[in-house]
Amino acid sequence: MLHSTMYHLKPILTSVGNPLTLARIHALLILTGSLSRTPHAPAHLIAAYSRLEDIPAARSVLRTTSRPSILAYNSLLIALSRCGSPHQVLSLYRHLLSVGRPLPDSSTFTVSLKACAQLSDLSSGEEVRSHADSLGYSRDLFVCSSLVNLYAKCGDMEGAAEVFDGMPKRDLVSWTTMVTGFVNARQPVEAIRAYRRMRLDGVEEDGIVMVGLARACAELGDTRMGRSVHGRLIRLGMRMDVVVETCLVDMYAKNGEMEAAGMIFDRMRCKNVVSWSALISGYTQNGLAGDALQKLIEMQDHGFQPDLVALVSTSSACSQIGFLKLGRSVHGFIMRRMELECILGTALMDMYSKCGSLSSARALFDRISSRDSVLWNAMIASYGVHGRGRDALSLFLEMKDSELGPDDVTFSSLLSAFSHSGLVKEGRYWFGLMKKEFGIEPEEKHYACMVDLLARAGHLEEAHRLVQSMVIEPGIGVWVALLSGCHNHKKLDLGESIAKKVLDLNPDDLGIYSLVSNVYAAARNWDKVVEVRRVMKKFRTRKVPGYSLVEVNGKLHGFLMEDKSHPQYEKIVEMLERLDREMRKLGYVARTEFVFHDLEEEVKERMLCSHSERLAIAFGLLNTGPGTRIVVIKNLRVCGDCHDATKFISMIVNREIVVRDSKRFHHFRDGVCSCGDYW
DNA sequence: CTAGGGTTAG
């Protein structure tokens, strides 16, 4: 009886699903002495304990075994690896190494290398490698593919390729390692090439390689190839698991096809937190903040707590629509549960800034302990869009002296901050040092900031010379910056020639056509005005409607132009008419040039009054107490007439009014705007 | 006969 138990130890231990039964068998094995006599008994027992996720018991078996076999060690190493403890894997491996016996085998090295890869610990990995080499495992398929993975995870694709190319034979797993490695190294073209080579090698694909391929398509933004990957998965009748389907959702989302992404998501039979987060981030990244928030609620209704990624996307959705109340509650949720790490910290910082609370943004920035350059750049950019160029500069100086140092994005943020604040001297100075001191080659975006800065300040010749001095071909951003400078400063000759260049570049932005049209109109070049208007007409059908959002008492209210559907519409109009009368007494004159329709002056004036930003401001004033700050978010540029009007309104009602448009923030107070009227 | 390859974010 006992003998037969020992003989069939493995099948029995494999099937034990009950801790108590296992403990009884364990006791029996000790009592009969078969634990020490049967060669692989400790290994099987350790495996049995680890299947029940009882790592301490598994450990104690190894500890109490007098001369454990390598299989016993491997069982525990595999158990530790499976429960996600790479540090413990490595320390057990080192223990084994220090004891000197038993000798490690291929599995030992494979599991240990996996742990190194998970930790991105290249130097430990190379120690394991030389140990494996010395014991003759340098051509082992498993050891080699683990090594390929190690180098890939550490971002060294050359190292990975070197091991890969030297392998005696390659299988699906090692090919997949290369494909995925290239994707992670942001070399999607190489990833696809590796997949093709694999197919030419006669290796059949499975779902896991296809995940890599789908991600490569997402990274490339190649919708057609993405669809063909999807089609191939279906044609080959591959088992679609959560991971594969989540990748497809993400791929379609990244290619801007949210309908397709949503459809695949809805049809998924099994969803996890990651699938939900992928969907939510898809909506956010496509500018569909409302859908993102809707899905966040649905996710919780389905019993999933949002993870870090979902919270990042939620914060970003709040930023888009100025939903401070919800953004704050995400912040609170985090503070109660976890340490504020860098990525979510950046998203929350950005949320406070974009919701108009620059001081909260800075307070959050100061609380994040491990700051990376994305966070620094985002904080500098926040100062910039709020028109706080000097604060941007002093933060930049702090960053410059930190270990990180500025990068190309830092300089865009800084130069754009200067241009929003009119800090011309500072702009010239730091733009000059950018290449000389920091070795950062100026790109189109940097030139666009500089041209904008100079042109706004009226230094049009200097701006023009800068454009002409560019080594790279100036793009539309640079020309538009120069053109709007010409328009503001009535440099009509230069303006007309730049307008032509802008038109030749076929802009896809209606705002640019209005600018061009206005330049031609100012130069009395009516033929050209007619021509541009004709192009604009084609756009009108697919023009983005202007809307404004305002948060009142924690609820978000949206307004479209001439939005009569709003329950308080009558009261809003009444308010605006009253304000209009007072504004006129103070010297306000309607600037009807901001209406791009051919209408009677009076009709134009009424249209200006029904701009969405005005409705939102009036609604805010009607529904908040005296002294409350009003924050309005507008999706397009704020109209110049509304800008003027808001200055007057801020004075009449004695309120601080903050308007965020597609470019920057305008802080209105006591009849003055922080942007100095250069919007 | 065990081990190696996979999903979401600022």
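In what follows, every chain begins at residue 1, and chains take the letters A, B, ... in the order their sequences are listed. Everything quoted here is computed from the prediction, not taken from an experiment.
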- Given B/dG5, B/dT8, B/dA3, which nucleotide is nearest the side-chain atoms of A/Phe142? B/dA3
- Task: Without swapping roles, check the side chain of A/Asp291 against the backbone of A/Gln294 for a donor-acceptor pair under 3.5 Å.
- Result: no
- Message: Distance check needed: B/dT2 P versus A/Leu77 CG, whole Å only.
- Response: 16 Å
- Message: Nearest to the side chain of A/Cys342, heavy atoms from C-beta on, is which of B/dA9, B/dG6, B/dG10?
- Response: B/dG10
- Tell whether A/Thr176 reaches the base of B/dG5 with its side chain through a donor-acceptor pair below 3.5 angstrom. yes
- Query: Is a donor-acceptor pair below 3.5 Å formed from side chain A/Ser145 to base B/dG4, judging by atom type as modelled?
  - Reply: yes
- Message: From CG of A/Leu344 over to P of B/dT8, roughly how many Å is that when rounded to an integer?
- Response: 18 Å
- Query: When the distance from CD of A/Glu219 to P of B/dA9 is rounded to whole Å, what number comes out?
  - Reply: 11 Å
- Message: Categorize A/Arg170 for me: base, sugar-phosphate, or nothing, with a 4.0 angstrom heavy-atom threshold over every strand shown.
- Response: nothing
- Message: Between A/Lys153 and B/dG4, is there a contact of a side-chain N or O with OP1 or OP2 at under 4.0 Å?
- Response: no
- For the student: nearest non-hydrogen atoms of A/Ala216 and A/Pro188, plus distance: O-CB, 3.6 Å
- Query: Of the nucleotides B/dG10, B/dT2, B/dG4, which has the atom closest to the A/Gln285 side chain?
  - Reply: B/dG10
- Query: Base, sugar-phosphate, or nothing for A/Leu375, non-hydrogen atoms under 4.0 angstrom?
  - Reply: base
- Task: Name the closest nucleotide to the A/Ser81 side chain, picking from B/dG4, B/dT8, B/dG6.
- Result: B/dG4
- Indicate, yes or no, whether a donor-acceptor pair under 3.5 Å links the base of B/dG4 to the side chain of A/Ser146. no
- Query: Can you name the closest pair of heavy atoms from A/Leu364 and A/Met349 and give their distance?
  - Reply: CD2-N, 3.3 Å
- Task: Determine, stepwise, if the pair A/Thr246 / A/Ser275 fulfils side-chain hydrogen bond (donor to acceptor under 3.5 Å, both in side chains).
- Result: CA-CA 5 Å; A/Thr246 301; A/Ser275 342; 3.3 Å; yes
- Mind checking whether A/Trp276 and A/Phe265 have ring centres under 6.0 Å apart? yes
- Message: What is the distance, to the nearest angstrom, from the CD atom on A/Glu205 to the C1' atom on B/dG6?
- Response: 15 Å
- Query: Once you round it to whole Å, what is the distance between C1' of B/dG5 and CG of A/Asn149?
  - Reply: 7 Å
- What is the distance from CG of A/Leu147 to C1' of B/dA3, rounded to the nearest Å? 13 Å
- Checking B/dG6, B/dT7, B/dG10 against the side chain of A/Thr346 (C-beta onward), the nearest is B/dG10
- Message: The side chain of A/Lys114 is closest to which nucleotide in this list: B/dG5, B/dT8, B/dT7?
- Response: B/dG5
- Query: Within the structure shown, what part of the strands sits under 4.0 Å from A/Leu172 by heavy-atom distance: base, sugar-phosphate, or nothing?
  - Reply: base
- Task: Just call it for A/Asp307: base, sugar-phosphate, or nothing, with non-hydrogen atoms closer than 4.0 Å on any strand.
- Result: base
- Item | Integer-rounded Å distance: B/dA9 P and A/Asp372 CG | 16 Å
- A/Ala261 versus A/Ala253, closest heavy-atom pair with distance: CB-N, 4.0 Å
- Item | Spacing of A/Ser319 atom OG and A/Arg660 atom CZ [to the nearest 0.5 Å] | 7.5 Å
- Message: The side chain of A/Arg82 is closest to which nucleotide in this list: B/dA3, B/dT8, B/dT7?
- Response: B/dA3
- Message: Counting the atoms with a prime plus P, OP1 and OP2 as sugar-phosphate, which does A/Lys271 contact under 4.0 Å by heavy atoms, base, sugar-phosphate, or nothing?
- Response: nothing
- Item | Whole-Å distance separating the CE atom of A/Met210 from the C1' atom of B/dG5 | 15 Å
- Nearest to the side chain of A/Ile208, which nucleotide is it out of B/dG10, B/dG6, B/dT7? B/dG6
- Look at all strands and tell whether A/Asn74 reaches a base, only sugar-phosphate, or nothing, counting heavy atoms closer than 4.0 Å. nothing
- Item | Nearest-nucleotide pick for A/Val173, side chain only, options being B/dG6, B/dG10, B/dG4 | B/dG4
- Query: Reckon A/Asp350 touches a base, only the sugar-phosphate, or nothing at all at heavy-atom distances under 4.0 Å?
  - Reply: nothing
- Task: Just compare B/dG4, B/dT8, B/dT7 and give me whichever is closest to any side-chain atom of A/Val243.
- Result: B/dT7
- Task: Determine the contact category for A/Val244: base if any of its heavy atoms lies under 4.0 Å from a base atom, sugar-phosphate if only primed atoms, P, OP1 or OP2 are that close, otherwise nothing.
- Result: base
- Message: Need one value for A/Leu141: base, sugar-phosphate or nothing, where a base atom within 4.0 Å counts as base even if backbone is also close, heavy atoms only.
- Response: base
- With a non-hydrogen cut-off below 4.0 angstrom, is A/Glu245 in contact with a base, only sugar-phosphate, or nothing? nothing
